[in-house]
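As the structure is a prediction and not an experimental result, all values here were calculated from the model.
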Amino acid sequence: MSSFRTAKGGRIKRKDAISFSFEGKAYTGVKGDTLASALLANGVHFVGRSYKYHRPRGIMSAGQEESSALVGIDRGQGRYDTNTRATTQELFEGLKAQSQHCWPSLRWDIGEMNSLASPILSAGFYYKTFMWPKSFWKRVYEPIIRKSAGLGRAPRAVDPDVYASRYAHCDVLIVGGGPAGLAAALAASRSGAKVILADEQSEIGGALLSDPGSRIDDEESWSWLASAVVALAADENVTILNRTTAFGYYHQNFVGLVERLSDHLESPSSNLPRERLWRVRAKRIVLATGAIERPLVFAGNDRPGVMLAGAARTYLNRYGVRVGDKPVVVTSHDSAYLTAFDMAENGVGVEAIIDLCTDVSPELLKGAARLGIEVLPGHTITRTKGRLRISSIYAAPIEPDGSVGPERTIDCDALLMCGGWTPSVHLFSQSRGTLSWREDIGAYVPDVYAQNASSAGACDGHYLLSEALNGGAAAGQAAAIEAGYKAGKPNTYEVAEEATCSGTLIVELPTGANPARIKAFVDFQHDVTAKDIRLAVREGFHSIEHIKRYTTAGMATDQGKTSNLSELAIASKTLSRPIAEVGLTTFRPPYTPTSFGAFAGRSRGNLFDVTRKSPIDSWAEKRGAVFEPVSLWRRARYFPRDNEDMHAAVARECKATRSSIGISDASTLGKIEVVGPDSAEFLNRIYTNAWTKLGVGRCRYGLMLGEDGFIFDDGVVGRLALDRFHVTTTTGGAPRVMAHMEDYLQTEWPDLDLWLTSITEQWAVIALNGPNVRKLIEPFVEGIDLDKQAFPHMAIKEGKIYGVPTRLFRVSFTGELGFEINVPSRYGLTVWKRLIEEGARYDIVPYGTEALHVLRAEKGYIIVGQDTDGTQTPDDVGMAWAIGRNKHDFIGKRSLTRPDMLVSNRKQLVGLLTRDPKNLLEEGAQIVATAHPSPPAKMIGHVTSSYWSETLQHSIAMGVVEGGRARMGAELYVPMPDGVHQVQVVEPVFYDQEGGRLNV
Amino acid sequence: MLLIRCPYCEQDRAEVEFSYAGEAHIERPVDPSAFSDAEWEAFLFLRSNPRGTHFERWVHIHGCARHFNAVRDTVSDKFLMTYKAGKPRPTKREIEGAKK
Amino acid sequence: MSDELSIIVSEQSNPLDGAAFAAGPGPMLVMASAGDCARFSLRTAKKNLAKATEAFGQVIPPQIGEMSSRAVKTALCLGPDEWLLLAPESERESITARFAKQSEQATHSLVDVSHRSVGIDISGPGAALVLNAGCPLDLTALPVGGCTRTILDKAEIILMKPGKEHYRLEVVRSFADFVWNFLSSAGREFETESG
Amino acid sequence: MTRFSFPALVRKAIGADKDWPEQWAKPDPKSDYDVIIVGAGGHGLGAAYYLAKEHGITNVAVVEKGWLGGGNTARNTAIIRSNYLYEESAALYDHALGLWEGLSQDINYNVMFSQRGVLMLAHTVHDVQIFKRHIHANRLNGVDNEWLSPEQAKAFCPPLNISSSARYPVLGATLQRRGGVARHDAVAWAYARAAAARGVDILENCAVTGISRARDGQVRGVETTRGFIGAKKIAVSAAAHSSVIMDMAGVRVPIECFPLQALVSEPIEPAFPCVVLSNTVHAYISQSDKGELVIGAGTEQYVSYSQGGPLHSIEHTVSAICEMFPIFTRLRMLRNWGGTVDVTPDRSPILGKTPVPGLYLNGGWGTGGFKATPGAGHLLAWTIARDEPHPINAPFTLERFRTGRLIDEAAAAAVAH
């Protein structure tokens, strides 16, 4: 066993030795250790370097507030955790830790030279220089600044771990498993309320874990703790979550917690998530989040070996580790005496207690005397010595006039400081509660609650164990009652011989030196000194938010947990304004840094988002289709054969469709069944078109606008019965259209009698196009006469195909004879396969969305979202014919007469032909009117669709052009990086203008 | 995550079940063509956007699928009350009453 | 010809055909794809419920969240004027016909959505936990025999609670793969809790 | 004012930094100014500076209800680019970008403007079409923007996942090399210092409670928590509070406010060389000079001034980041905050005169305000000084919502089918 481990005591398992390494050197710890306690047990204090000056730094705390002892932990295979606090990392066999932010080594770090330049590296120095010569910024200064950035090593490989999440509900959520939280949980549990008790540490117990000596109701505290935990665990209404940090307090008592499931294990099972995000909604919340000890601000307060007094006590009592053999204590608060006493009782020779206060309580003095500890009341520390570990301090009396008397040197190997305690009000503040300043304890405490919550114990400014227990019990009982349970009187607890717990807020220690010349650190990680804060104030940064942002105090990885109050106190003094007026910076989630993985949860890879697949998708996949995402769907874009590229495949698919039969999967189109006596009237209002006169068994192309008059969606609507329509929408527009229709139906026209039902996924849709389609399907269709007269273009009828019910549409988006076969989804694949089989005799060819786009463009049919972009009216795209002339109103109608909708130079859809038939324009290319434009050039439009037409043996394009229809036949220009392309404006129908091929 | 009381389901449900649908009580005119450009602009685009009490529409899209109205404080994001679509704008007194 | 062609009706395909999952001791969690059935979305005014009950052949409950389930027919009240009716496939046509007869007296919309969604059965002590991996509802507050439309991670679902540790969900078919993958991914955790 | 320079830094250090002067004075309000600007964010302070510098108008007050630069200037992700589609927008943002390029030297304050390049990712065929349209329009507008293949994008930003099996694969990207980031807080401080040096009064903790108008309708001053302050010209540049302040003058504006969240990771060594935006999955990321990854989310759906947002939005944003950059999963989020963005129906700002004589509005910048800071300030100053808009901001009127002449960048970019 290493030399700084005590002979007995603590909560560690001394017999379970654990090997680990730090900086490549092997050490041994024991089960129950944190990395920090194990290092301290081996006498290692110096573990890191600070951000700006690269000063040697040690272990400051014993908890999550640590801002100095940050290390990298490498578990291999992408499991590298940067900026990990040694004080919270539990030790496991084989743990490998490395220091960070130093080169070439922790001991010899070239960055330490920054310290020499420190006089000019004061707060915000970078705003004042690096400006000349101007060209140096980009070439010299900025690269250097960016290179020196950052703290921890950047990750290099993909993390193999999985992360889980869970919603949970409870009556009472208790945050913090210290004495207040435990007492609250016991009280709430007795009422039968559903309780969740969460604590960030590996063990429930909080401050009790460092305090074996207290007696609760005549029982040793650790024995009381053990029975409390047993009692709670036995209650099935209580969920105890250890290693779980409540990081964020959101609306209506919604709290985010992260449970760490595997970071403490040597070799976790692969099914075990690394962390679990708990999203808890609680009726009532009890905050029992404790308090954080404050460091003191004096010259050299940052050397390795300088530590918070409470942390030293935790290392001693909980981990069985002496942080030094000859410590000195410096304090402005009584609680540090407990550390000194506990250490002395464990045989450590405490060199002195330097108390900044003059009137020390007689009991404490008596206690010190009994243990042979020298107390220096009314003294200060003026400086410290020791390069990689503190070796001595200089103590001096504070004279009545505030000046400092003669210095005296005291040798030491650890300096334990305490500047009082700061209640952890982070979650309370996040809940939007307001704080009030309590002068007597020198701290902010919860005042007005914005949500259903209460606070108990140290986070409420009540530091005594008895206050925590009794306050917690009362809070737990009240919470259970609030949540609707009957709770009896809460337990009252008695604590024997409780020590006093008071102090004075002295932040910056008096010194004989010029305060502008010394480095007294406030934010240890960011190397912000008291002088920096004074400089910020001097430069006019008077708001605490300004001071924080200018100096970066409180912006380190501990988010100011140990520095906020010191910063505030120094600012307040410099501004000569009371602390309460200077105010606090806002507390933000997360309470402690929380892994991205925990937030991302299972939303990775194929669970990052839904991939919707049509009933026919599996066939397309087997057939080697190349897919493209269209909203959440994936659709086959083309079906390459024999290593064809897209161009070749699309040309072949188009040709086959025009000459015989093409088959495509249109299942993703949105579909809505509109049923009820007022259906036609409803559609009249929703679409620009008129619907009243549409006959049963007929279809019509419908155009839908937003209230702003711009095209919103389109699709074919078929009338199945007088009171029943089958509406189709674009694939991507389906959810929006349904929401849009429901909105108007429910809130604008609730008097209309009809209902909307989404049937998108009820029907698989197979589109067949080409001159031979009728011949192919006629033998297999029952109940529908497919004759040209009986079932003309734009007809719909219900019947059967292959014995399966179908809604058969005669429609075409290609300009060829076309049918869309709707069959119930589960039959879709089989019907498709049959059609492919039977179609073989006609050389049927499956085509994807790309060929579809070419075929429709040859006919000048628009695609909403490609040829329109949310700024086109029906007239802009040449569809004024779709507007029902006699209709009193429809959505968007009024907007069409706004002044700008009536101007002549609106962009209008036109066809574009290049002079060279092989010249294919790029979609998105801009159109200008002059042959030699120079930037900024007046652009009069752009190419919206452009394809090679195999049928026409010519490239074709559509575009929108200012006053386009008046420019028919005109020559325009498309300037590209490789030269200017000349185009002619033509009608946007390139193929079968008369529509003869449709009506066969 | 907001907790929203659906006046149809009569339950408090999580925000992720709902969609926001803009300010409430902006009535679409029966005859929009009678509106001047300025009046139409106001209908389309002008919203009260208050710091404080806001009357707004939500739809319980992943629940009962009904649109309804809510009164919410835009500074605290607290819902003061919710009520069914078509009901008139609640008075101050009704809102105060609903808080309890 | 019809006889020959109707064979195709038996060749159906469903995204979760044959899907099954079990994990943990006991087991903690059992999930399986539910069989096919006829499904209808019924929309009507509450006053027409007696008529609708007659046509469906089983009580259609009036309150949102109520579910009536007897023998092989189930009616779920999802909204103030919206019900989902589940019945054996064999009764599909007769139910449609009976509702059609009523449309004069009781205005309604009955839409066959039999193929729109697929069902998943989830049971075991871990059922609620696995659902709560993505569903924000307090499942203990959902009574046995209750139902609701809600959300599971990024998918909308209809959730039924036929038993204390038994849930059934309905999900639109193109979301079924996602929901199944999500649930089985979350369910895999139970493998570790045994050991 | 002490000129900022390296020699000054050394000189002051010798004196233990004892005599650095205030960067901006803390005057009491005068009874009258020529111009009052409501809102001491980057835009308002910038306008004050350019009024003094370019138009010789120095009797100017900038009134601020809190601390200067404390609104959206303090809360954004500091991204700067100008590769907008429409010529109106491109001209506006490129005007700003041009000013950014000399800003540190012009105002003698290093705002750490870093032209590290802005990548915008295309994940669908539709995205590719839209981005190509941007590229061609930008080229003809003289705005730099180029197309990168997935491999080129990866070379420019090594952490990017370009696997074709990703749920949202990267099909390509646009790159604006002149785009980048700046130290956002410093921009406000810099303008405050430069404006104050030219005689502008910056009045912090001075909330406007009313706008006073003369009988003829002309503005005559503002009521504030520090008393009445007179002026014949008042410019409202109050971001999320614009509509509240405009209401005081009886002008309703088509602006709604929505929460927008952002977050930073713990600081790591340099690992992310540029700025990456993905509109399709709603995530924006760069690395600050301190080493934090700075990440932006999408706006929330509901109107709010709460400066906070829900957890689930953060979950979505972080998962999107982890999808695009899978090596970042084990990094930890350090701080998450919210702001309030003022959004117009066409997602373009309003910058110009209002129906009230002497009242000017600069607002509705949505999520795009920071990048426009010097440009908005410069153009607002011009508009105030000459009582007419500069040609660049002339299209960004209030009237366009009545006439329908919208500048709808969002519609052009976001309609996906």
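Interface remark: A:R279 contributes side-chain atoms only to the contact with chain D (heavy atom separation under 4.5 Å). Only the side chain of D:L263 comes within contact range of chain A, with at least one heavy atom under 4.5 Å from a heavy atom of that chain. With a threshold of 4.5 angstrom between heavy atoms, A:S543 approaches chain D through side-chain atoms but not through N, CA, C or O. Both the backbone and the side chain of D:K18 come within less than 4.5 Å of a heavy atom of chain A. At a 4.5 Å heavy-atom cutoff, the contact between A:F125 and chain D is made by backbone and side-chain atoms alike. Both the backbone and the side chain of D:A74 come within contact range of chain A, each with at least one heavy atom under 4.5 Å from a heavy atom of that chain. At a 4.5 Å heavy-atom cutoff, A:A734 makes no contact with chain D through either its backbone or its side chain. D:Q307 touches chain A through its backbone: at least one of N, CA, C or O sits under 4.5 Å from a heavy atom, while the side chain does not. With a 4.5 Å cut-off on non-hydrogen atoms, D:A166 does not touch chain A at all. Contact of A:V255 with chain D is not made at all, since no heavy-atom distance falls under 4.5 Å. In this structure, chain D has heavy atoms under 4.5 Å from both the backbone and the side chain of A:A925. Neither the backbone nor the side chain of D:A90 comes within contact range of chain A; no heavy atom of the residue lies under 4.5 Å from a heavy atom of that chain. For D:I295, the part sitting under 4.5 Å from any heavy atom of chain A is the side chain, from C-beta outward, and nothing else. If you measure heavy-atom distances from D:F272 to chain A, the contacts under 4.5 Å come from the backbone alone. With a threshold of 4.5 angstrom between heavy atoms, A:L632 approaches chain D through its backbone and through its side chain. Using a 4.5 Å cut-off between heavy atoms, A:T84 contacts chain D through both its backbone and its side chain. If you measure heavy-atom distances from D:N108 to chain A, the contacts under 4.5 Å come from both the backbone and the side chain. Heavy-atom distances place no part of D:T317 under 4.5 Å from chain A, backbone and side chain included. Heavy-atom distances place no part of A:V903 under 4.5 Å from chain D, backbone and side chain included. Looking at A:L902, neither its backbone nor its side chain comes within 4.5 Å of chain D, counting heavy atoms on both sides. Interface remark: D:Q23 contributes backbone and side-chain atoms alike to the contact with chain A (heavy atom separation under 4.5 Å). Looking at A:N606, neither its backbone nor its side chain comes within 4.5 Å of chain D, counting heavy atoms on both sides. With a 4.5 angstrom heavy-atom cutoff, D:N336 touches chain A via backbone and side-chain atoms both. Using a 4.5 Å cut-off between heavy atoms, D:H123 touches chain A through its backbone atoms (N, CA, C, O) alone. For chain A, the nearby part of D:R3 is the side chain; its heavy atoms alone come within less than 4.5 Å.
Under the 6.0 Å distance and 45° angle rule, A:R156 does not count as a cation-pi partner of A:Y80. In this structure, D:R193 forms a cation-pi arrangement with D:F4, its terminal cationic atom sitting closer than 6.0 Å to the ring centre and no more than 45° off the ring axis.
Ring centroid separation for the pair D:F113 and A:W137 does not come in under the 6.0 Å cut-off. A ring-centre distance under 6.0 Å is found for A:F541 and D:W24. In this structure, A:W132 has its ring center no closer than 6.0 Å to that of D:F6. Under the 6.0 Å cut-off for aromatic ring centres, A:F596 and D:F328 do not qualify, their centroids lying 6.0 Å or more apart.
Most heavy-atom pairs under 4.5 Å with chain A, from the set D:E87, D:H316, D:R139: that is D:R139. Looking only at heavy-atom pairs under 4.5 Å with chain D, the residue among A:L607, A:I120, A:T82, A:L121 that has the most is A:I120. Counting heavy-atom pairs under 4.5 Å between each of D:M333, D:Q105, D:K132 and chain A puts D:M333 at the top. When each of A:R432, A:K138, A:K147 is scored by its heavy-atom pairs under 4.5 Å with chain D, the top score falls to A:R432. The most heavy-atom pairs under 4.5 Å with chain D, out of A:H526, A:M555, A:R534, A:M901, come from A:M555. Note: D:A320 leads D:A8, D:P310, D:A320 in heavy-atom pairs under 4.5 Å with chain A. Annotation: maximal heavy-atom pairing with chain D below 4.5 Å, among A:H251, A:R588, A:R634, occurs at A:R588. The most heavy-atom pairs under 4.5 Å with chain D, out of A:R517, A:R898, A:R146, come from A:R146. Ranked by heavy-atom pairs under 4.5 Å with chain A, the first of D:A271, D:A137, D:A13 is D:A137. Ranking D:L9, D:I135, D:L406, D:T124 against chain A, the residue ahead of the rest is D:L9, based on heavy-atom pairs under 4.5 Å. Listed options D:K12, D:R183, D:K290, D:M112 were ranked by heavy-atom pairs under 4.5 angstrom with chain A; first place goes to D:K290. Comparing A:R637, A:R274, A:E628 by heavy-atom pairs within less than 4.5 Å of chain D, the highest count is held by A:R274.
Comment: D:R402 does not engage D:E399 in a salt bridge, judged by the lack of any side-chain N to carboxylate O separation of less than 4.0 angstrom. We find that D:R330 and A:D159 are joined by a salt bridge, their nearest charged nitrogen and carboxylate oxygen being less than 4.0 Å apart.
Side-chain N or O atoms of D:Q261 include none that pairs as donor or acceptor with a backbone N or O of D:G308 at under 3.5 Å. Using modelled atom types, no side-chain atom of D:N161 and backbone atom of D:P326 make a donor-acceptor pair closer than 3.5 Å. No donor-acceptor distance shorter than 3.5 angstrom exists from the side chain of A:T897 to the backbone of A:S895, with no hydrogens or angles considered. A donor-acceptor pair under 3.5 Å is absent between the side-chain atoms of D:E22 and the main chain of A:G540, judged by distance alone. Formation of a donor-acceptor pair under 3.5 Å by the D:H126 side chain with backbone atoms of A:G865 is found in this model. A donor-acceptor distance shorter than 3.5 angstrom exists from the side chain of A:R906 to the backbone of A:D900, with no hydrogens or angles considered.
The line from CZ of A:R736 to CG of A:D713 is 6.0 Å long, rounded to the nearest 0.5 Å.
Residue D:N138 forms a side chain to side chain contact (heavy atoms under 4.5 Å, CB included) with just one option from D:L85, D:D144, D:T174, D:V143, and that option is D:V143. None of A:Q926, A:E923, A:E922 except one satisfies the side-chain hydrogen bond (donor to acceptor under 3.5 Å, both in side chains) rule with D:H136; the exception is A:E922.
For the pair D:Q287/D:I268, a side-chain contact is recorded, criterion being any heavy-atom separation below 4.5 Å from C-beta on.
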Going through the checks in order, is the side chain to side chain donor-acceptor pair (under 3.5 Å) test met by A:T871 and D:D408? CA-CA 7 Å; A:T871 65; D:D408 204 335; over 6 Å; no
The test is ring pair (Phe, Tyr, Trp, His ring centres under 6.0 Å); show your working for D:W189 and D:Y109 and say whether it passes. CA-CA 9 Å; D:W189 305 335; D:Y109 205 114; 7.1 Å; no
Steps toward side chain to side chain donor-acceptor pair (under 3.5 Å) verdict (D:R167, A:T611): CA-CA 8 Å; D:R167 176 62 186 80; A:T611 303; 2.9 Å; yes
